[in-house]
Amino acid sequence: MENKRRFYITTPIYYPSDKLHIGHTYCTVATDAIARYHRLKGEEVMFLTGTDEHGQKIEDKAREAGVTPQQYVDSIVTAPRGVLDLWKLMNISNDRFIRTTDDYHVKSIQYIFRKMYDNGDIYKGTYKGKYCKPCESFWTESQLKDGCCPDCGRPVTDAEEEAYFFRLSKYADKIQHLLEDTDFLEPRSRVNEMVNNFIKPGLEDLCVSRTSFTWGIPVDFDPKHVVYVWVDALSNYITALGYGNDKYDDYDKGWWPGVNIVGKEIVRFHSIIWPAMLMSLGEPLPKKVFGHGWLLLDGGKMSKSKGNVVDPYLLAEMFGVDALRFFLLRTFPFGSDGNFSNEALIQTINVDLANDLGNLLSRTVSMVGKYFGGQLPEGSGATEAERALAAAVAGDEAADGALHGEGCQFDGELIGLTAGLRNRYEDAMEHYAPHNALAEIFKVIDRANKYIDENAPWVLAKDMEANGSRLAHVMYNLLESLRVCAILLTPFIPQSAAEVLRQIGACEACSTWDSAGTWGSLPGTVTVRRGDNLFPRIDVDKALKELEEAAAAAKKAALPELEIEPQLEEKVDFDTFCKSDFRAVKVKDCQPVKKSEKLLKFTLDDGTGVDRQILSGIARWYKPEELIGKTLMAIVNLPPRKMMGQESNGMLISAVHTEKGEECLNLLILDDKIPAGAKMC
Ligand code: MSP
């Protein structure tokens, strides 16, 4: 069997602490298109993505939510509309998905940590930082806000913590050589940034363990330490192949080294720490690290706290998955930052997809239907001269382009441009420039649309006896151009490209990479199949209005919880309000919930004779015993909800406000003479 080239490609694994937004989607969609391009070329591809699930931030968020960290990450990774669902929706073709909480990864990290400790590259030292006593958190100088704890705003003190360090400094010279003298890191502009900002000022050893939180992989020979962030996260690229574990055995099978595609803010970790770790382990370095730019919103970074994240679900559901994928890769040069806007998205869909590609397809297919009953007659296909011209162009020989006969100048231009497309496209893709690859495709699509106008098929059709064979050949040239474009569009818009190929009647053999480099692959007597309009035009004003409303709703949802909002809620109609069943309830029992710092479990008399259980996240403000016997107000017709494995049937009503930056909460305690079950209205 032929030995196929193996291509291993990875995209960063995501922190499930924030909502995935269009920036994350950009990074994964781009990597997906590159992976699909290599598959199209016939290479054997392994594409890895996953989630980076450890760390203090996750531990804190889980505590806030009253769940365990594992429950917290599970609920984001596997929950409906979570990480896995988003990648499925976006048609991401990853072959493997790693979670850093997977047992096999944990085992590998312990092996990797030990190996670097045994070879002397990890040593025990003291981590000096800033400490916030009330929050029990360590911070670095740069994490502080106005010199105070970024979480609670209170003053911090100098503190020390025992920690393990990785001898990053030892590898400084080798890394500098790797960056400056090889094409390990691209684009080149990122090399200077790394060398000047991080290596020349002196690389410090890296803190690789912590004892101040527990949500991480324990160091097996010193379990009060957990492995701290980058050793755990970066190693995923090799543990997912089976390095240090027996879950997979792909590491030595020609998959590693691979290509790591990453966003610009983590280039530093991937181009300095990652190769140093691999050098320490004695393993090969990645073939390449490519650092792409950011999608910006109004010139700035998207962030959940600013409430300006763009929701990929919303866009994909409104405009279609392929349209969104296409926009991301067509519009922004991959290595640079780009400004996201809804206007640009709609404009790209309307111009490139609806107008240029969509119209070319529908006009061509409907003309073949109208003039030839859907099937081109014998002899419509490529001539020998055209095949020779195309082969010369594809082979980079100086093609003379001189075709003789009526309309042939246009034929020569269209055929010449299309025949050289695969080479130009390949060149762009090999240089991680998907935007250039798409630009090349659209030059051909534009040329083909112009070719329709130049040949005016509707005029030729007026005298089929005289012009029928010319008209058929014009149609053939259009179908052939569409075929080559559709094949090369497959990595970007997989579903739509397949539909183009179906509509133009391209068989399997003429939908391959090889055939995209061979003009004339489509049989002369091809039969087209009409189908739906691939990319309907979008009504700009209507779509912008809908998006604006959705963004306003998202912004509102992003406001910090428990803070009184400056505006009152939107109005609800009276009937809707009346559906809420508020009742007086008497507290029969109240207990803390095991392993939760937030939740209290209430057993309540709601007047029905059957005890009602409600869980409430108010442990910060009340001791259970002080509430027993009290009369409270609850909404009792909410659907049941599980928290920490226990069911809660309703919600206790309290008043919340913020005072001097502190969240304050007061339960609504009613007069004891109100009987249990009394309805509030
Ligand atoms: N967990 C780390 C990566 C560990 S890799 C061993 C991480 N996660 S992340 O969720 O914060 O980011 C994941 C990827 O999304 C990164 O490549 C990051 O650059 C990318 N993006 C996040 N916001 C982005 C934009 N606004 N624009 C483009 N990419 C951005 O970092």
Side-chain angles (χ1 to χ4, degrees), residues 9-32 34 48-58 61 73 76-77 82-83 86-87 90 92 94 96-101 105 108-109 112 190 208 216-217 227-241 243 258-275 277-278 286 289-306 308-312 315 324 327-329 331-341 432 434-435:
I9 187 161
T10 70
T11 192
I13 49 173
Y14 296 87
Y15 289 125
S17 57
D18 275 329
K19 201 174 143 79
L20 282 182
H21 56 64
I22 197 74
H24 304 115
T25 311
Y26 174 57
C27 172
T28 303
V29 163
T31 313
D32 181 63
I34 299 168
L48 173 74
T49 186
T51 40
D52 181 3
E53 302 187 355
H54 291 124
Q56 181 147 25
K57 203 165 156 189
I58 305 271
K61 292 221 168 193
V73 292
I76 294 182
V77 177
V83 180
L86 179 62
W87 296 154
M90 292 309 298
I92 301 302
N94 57 299
R96 210 157 272 182
F97 189 92
I98 187 170
R99 300 181 63 178
T100 55
T101 48
H105 176 79
S108 291
I109 293 304
I112 287 170
R190 308 230 181 266
V208 289
I217 298 177
V227 177
Y228 181 52
V229 62
W230 288 104
V231 170
D232 176 1
L234 290 162
S235 305
N236 91 88
Y237 302 132
I238 53 176
T239 64
L241 293 176
Y243 182 85
V259 170
N260 300 141
I261 308 278
V262 305
K264 67 174 186 182
E265 85 282 21
I266 53 175
V267 161
R268 176 181 161 200
F269 309 107
H270 283 79
S271 67
I272 297 177
I273 299 173
W274 178 220
M277 274 173 57
L278 288 164
V289 169
F290 187 93
H292 66 75
W294 273 352
L295 285 196
L296 305 174
L297 204 65
D298 305 321
K301 196 166 190 259
M302 290 177 207
S303 81
K304 194 181 172 194
S305 55
K306 281 197 219 163
N308 69 350
V309 294
V310 178
D311 180 3
L315 298 179
L324 180 58
F327 165 71
L328 293 174
L329 301 175
T331 315
F332 309 108
F334 194 43
S336 323
D337 290 350
N339 223 340
F340 176 90
S341 78
Y432 299 91
H435 55 290

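Remember, it's 1-based here, ligands and their atoms both numbered in the order they're listed.
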(message) When you measure from the side chain of Thr31 to the backbone of Cys27, do you find a donor-acceptor pair of N or O atoms at a distance under 3.5 Å?
(response) yes
(request) Would you please name every residue forming a side chain to side chain contact (heavy atoms under 4.5 Å, CB included) with Tyr228, sequence neighbours left out? (result) Arg210, Phe213
(request) Taking the side chain as every heavy atom from C-beta outward, state whether Trp274 and Pro286 have any atom pair closer than 4.5 Å. (result) yes
Can you pull every nitrogen or oxygen pair between ligand 1 and the protein closer than 3.5 angstrom?
residue: ligand 1; atom: 1 (N); partner: Ile13; partner atom: O; Å: 2.8
residue: ligand 1; atom: 1 (N); partner: Asp52; partner atom: OD2; Å: 2.6
residue: ligand 1; atom: 10 (O); partner: Tyr15; partner atom: N; Å: 3.3
residue: ligand 1; atom: 17 (O); partner: Gly263; partner atom: N; Å: 3.0
residue: ligand 1; atom: 19 (O); partner: Glu265; partner atom: OE1; Å: 2.7
residue: ligand 1; atom: 19 (O); partner: Glu265; partner atom: OE2; Å: 3.1
residue: ligand 1; atom: 26 (N); partner: Leu295; partner atom: O; Å: 3.0
residue: ligand 1; atom: 27 (N); partner: Leu295; partner atom: N; Å: 2.8
residue: ligand 1; atom: 29 (N); partner: Gly23; partner atom: O; Å: 3.3

(request) Would you give the length of the straight line joining atom CG of Asn339 to atom OG1 of Thr331, rounded to the nearest 0.5 angstrom? (result)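 Between Asn339 CG and Thr331 OG1, I get 11.5 Å after rounding to 0.5 Å.
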(request) Return yes if a side-chain donor-acceptor contact under 3.5 Å exists between Asn260 and His270, otherwise no. (result) no
(request) Apply salt bridge (Lys or Arg N to Asp or Glu O under 4.0 Å) to the pair Asp52 and Arg99, showing each step before the final yes or no. (result) CA-CA 6 Å; Asp52 181 3; Arg99 300 181 63 178; over 6 Å; no
